Every structure is written in structure tokens, then in C-alpha cells.
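Per chain, numbering begins at 1; letters A, B, ... match sequence-line order. Keep in mind that this is a model prediction, so the values were computed, not measured.
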Amino acid sequence: MHSKRGARTAVFLVAAWVVGVAMLLAGSAGAAGPRAHAAHTLKGTVTGHLHLLKSSGSELIEEGPASGPLSGHIKARLNVGATFSGTFTLYTAHGTISGSGKAVPHGEGIYESFSGTSTINHGSGRYAHVHGHGGLFGTFDRKTYGVVLQTTGTLTY
Amino acid sequence: MRRVRTILAVAITCAGWPATAHAVETVKFSASLTPEHLDRGTTIGFGLGIGATTGLPSPLTSVDVSYPEHLGIALSGIGIRTCQPRALEVFGPLSCPADSRMGFGRATALVPFGPEVVREQASIGVVRGPTREGHLTLLFYAVGEDPVSTQLILPGTLDEARPPYGGEIIVGVPLVPTLPEAPNASLVSLKSTIGPLHLTYFEEVNHRVVPYRPAGILLPQRCPRGGFPFAARLGFEDGSDVAAHTTVPCPRAAIKRRRHP
């Protein structure tokens, strides 16, 4: 009888010790490690109306305002060759979002439409951990080199 | 007076080994940029001289011309309208919008007529065709008058290429039959331009249609080390293919800037 009670007490003490150590470890890890990053997801379409800043051969450097769930200013470096490719950075009030894309042309006139895919791979500020991918669409004015750029998809940051 | 400088690249002959051992096709390939001013519009010219070690060269079936990286063909302002291949075939090049024209050229073919071989000259017009599966298309329209009245459409597409090339123009060459049992006609020379040289486009300004010359294929601000590389690969009916390379040297001003920055 006595030995049974002793055994129960021992089991209780061991269990309490395990829980206590676990709580202590969890608490110290929380205090010393980085704060947990809460992921946000954003879906939608961002549209940029870009105008030419400068060109060199097949490369265009363009910028313009962006609107949509993320608004701000876009700067893009585009290579207009047999296919369209480029990199872009969206400057928002809370940080930057950068990515790249590739598209093929479809149009047959002064305004050439294009469609393809884009990948978001880095950012800064609130968007330091941003990543995502989606579609890339737009039109290209072959006379003024103006570009309307649309990126659709899901961003996680 | 505007000085137009044309640099004709040194032609390099490169012989490929055909499937049959008796004749080897040879190719002389040249390329030019007119004018050659960095960061300005230009016209690309290329020329092919085709021969064989013995007899007539096998008829040509394809021509791929690769052009240098960073040449803004899609930004050239040429080919801003399209010409439908069917309209071109039925009604000829005059049915195409003026703003679809992208270049001009000439071709020479050797046509066997019994024991004789006749030289056929043809003029070439290059127009922009409809975009197909994401590729810009070019239509080379060849018209031969003498001794045989011939009209041919050579369909071409603009495709990606690996560096140091920025893209390639892939042209299919249809076989041209001659007399029954006789070999097909053999193309022995082809010269063509792609760019605004000798082109006039039209636009509406204040309700008036005014002519203008398109900007041209934009050259980059810097000349690649060693010049602008071009390559050609020709396919022949006998199954052989021949590759040739050439380079358009950098403009003197660019070389001087590189030496004395």
C-alpha cells in the first residue's frame, strides 16, 4: 500500500518535472530566438502603367504608377526580343517587392499584347520574406515603348 | 550630309559534311549593319553565297540566321502592321500594308533545263506576318520573272537563341520543281535586309497622312568585345547542313572609347 502510494508520487513528480522543464525550455526559446513570423497572404492583380526612361538595344528601363491591392511605383528592366523577359521592383509605402517574369507576344499591331508568368523572389521592409508566383500580362506600345503591366497571383510575406 | 557607314563583315566559308560523300555544299556568309552607330537605329543586312565542291549545290530547304544579343528587332518600329499569308499569296505584296514591310533582298537560283543550267534572278520583299504561338513571323516573298515566272513565299519565325546571340530568324525554303525527272532549282545566292533602309511608313498627324522613316533596329550602347556576331545554318535537300559564322566589327569610335575611357 505504502509502496503503491510512493510509486504514484514518484510518477507525479517525474511528470511534473518533465512538464516544468518543457515549459522552461519553451519559455527560454521564446525569449532568446527570433519572434515567430506570421505569414500573410495577398491575392489579386497589380497593374502598372509604365513609360520609357531609357533604352539600349533590346533593353528598356521603364517606370510608372502601380495600382491594385498593392499600390505604389514600379520600376522595370525589360528585354524585348523574340520573347519578353524582365525584372521589376514595386515600391510601396511599407517596403519593396521584387521579381522577374517571362512572356510571349500575341499582338499583331502597334499594340502588342503579351502573357507569361512572374515570380516574386525578394523584398524589403514589411515584405522582407515575400515570395510568390503568378501570371504576367500586358500590352506594349511599339511606337512609344509604353507598357501596361499586370501581375496576378498570390503573395506570401 | 549624314554619313552612312556600312561595314561588311568578312565572309567566312564553312563547309559541312553531307550525308552523301560525292558533293559538299559550301557557304559564304556576310552580315552588315547600316549605319553602325551605337544606341541608334540600324538595318541588318545578310548575304549567303552557296556553292558545291562538284556540280550544283543541293537545293536549299532551310536558313537559320542568328543575330547578336541586345539588338532591338522588336523595338525597331518596323513591321507594326501584319500581312496575311493568304492575301500575299493571292494578291501579291501590294496587298500588304506599307507598315508591314520589313526589308528587301535579291536571290539567284540555278534552274536545270535539260543539259543547260539557267540563272534565275528574283527580288525579295520581307513583310511581317501574324504572330504564331508567341513567335513573330516574317514572310519572305520572292518574285522571279525571267526565264521562269515564279512566286514563292518563304515563311520565317523569330525565335530565341543562346548567347552570344539574341535571337534567330528561321526560314523554311520550299523546293522549286523544274522539268519532270530533273532536279529541283538550287538557290545559289540570297541577300536580304531587315530594317528601315529604303522603307517609308505612314502615320496620321493632325488628320493628315505623313510619311516617315521608322527608327530601325536599335543597337546597344556598348559594342560586344570582338564585334557583333552573326551565324547561319543552312539545311539542304540531300540531308546535309552547313554552318557559317561572321562578325561585324565594332565601330571605330567604340574601340577608341574602350582604349581611352
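A salt bridge links E112(A) to R128(B): at least one charged side-chain nitrogen sits closer than 4.0 Å to a carboxylate oxygen.
Heavy atoms closer than 4.5 Å to chain A are found nowhere in I169(B), neither backbone nor side chain. At a 4.5 Å heavy-atom cutoff, the contact between L75(B) and chain A is made by backbone and side-chain atoms alike.
Interface residues of residues 153-162 of chain B toward chain A, defined by a heavy-atom distance below 4.5 Å and sorted by number: L158(B), D159(B), E160(B). Inspection of non-hydrogen atoms places K102(A), V104(A), P105(A) of residues 94-105 of chain A under 4.5 Å from chain B. Of residues 142-152 of chain A, those residues with a non-hydrogen atom less than 4.5 Å from any non-hydrogen atom of chain B are, in numerical order, R142(A), K143(A), Y145(A).
Between H70(B) atom NE2 and N79(A) atom CG the span is 7.0 Å, to the nearest 0.5 Å.
Open room surrounds NE2 on H198(B); 12 or fewer heavy atoms of other groups in view lie less than 6.0 Å from it. Open room surrounds OH on Y111(A); 12 or fewer heavy atoms of other groups in view lie less than 6.0 Å from it. More than 12 heavy-atom neighbours from other residues, nucleotides or ligands sit within 6.0 angstrom of CZ on R106(B). Crowding of F91(B) atom CZ: a count of heavy atoms from other residues, nucleotides or ligands under 6.0 Å not exceeding 12. Surrounding NE2 of H133(A) are at most 12 heavy atoms belonging to other residues, nucleotides or ligands under 6.0 Å away.
Looking only at heavy-atom pairs under 4.5 Å with chain A, the residue among P130(B), G167(B), G166(B) that has the most is P130(B).
Sorted by first and then second residue, the side-chain hydrogen bond (donor to acceptor under 3.5 Å, both in side chains) pairs with a member in residues 48-57 of chain A form an empty list; sequence neighbours excluded.
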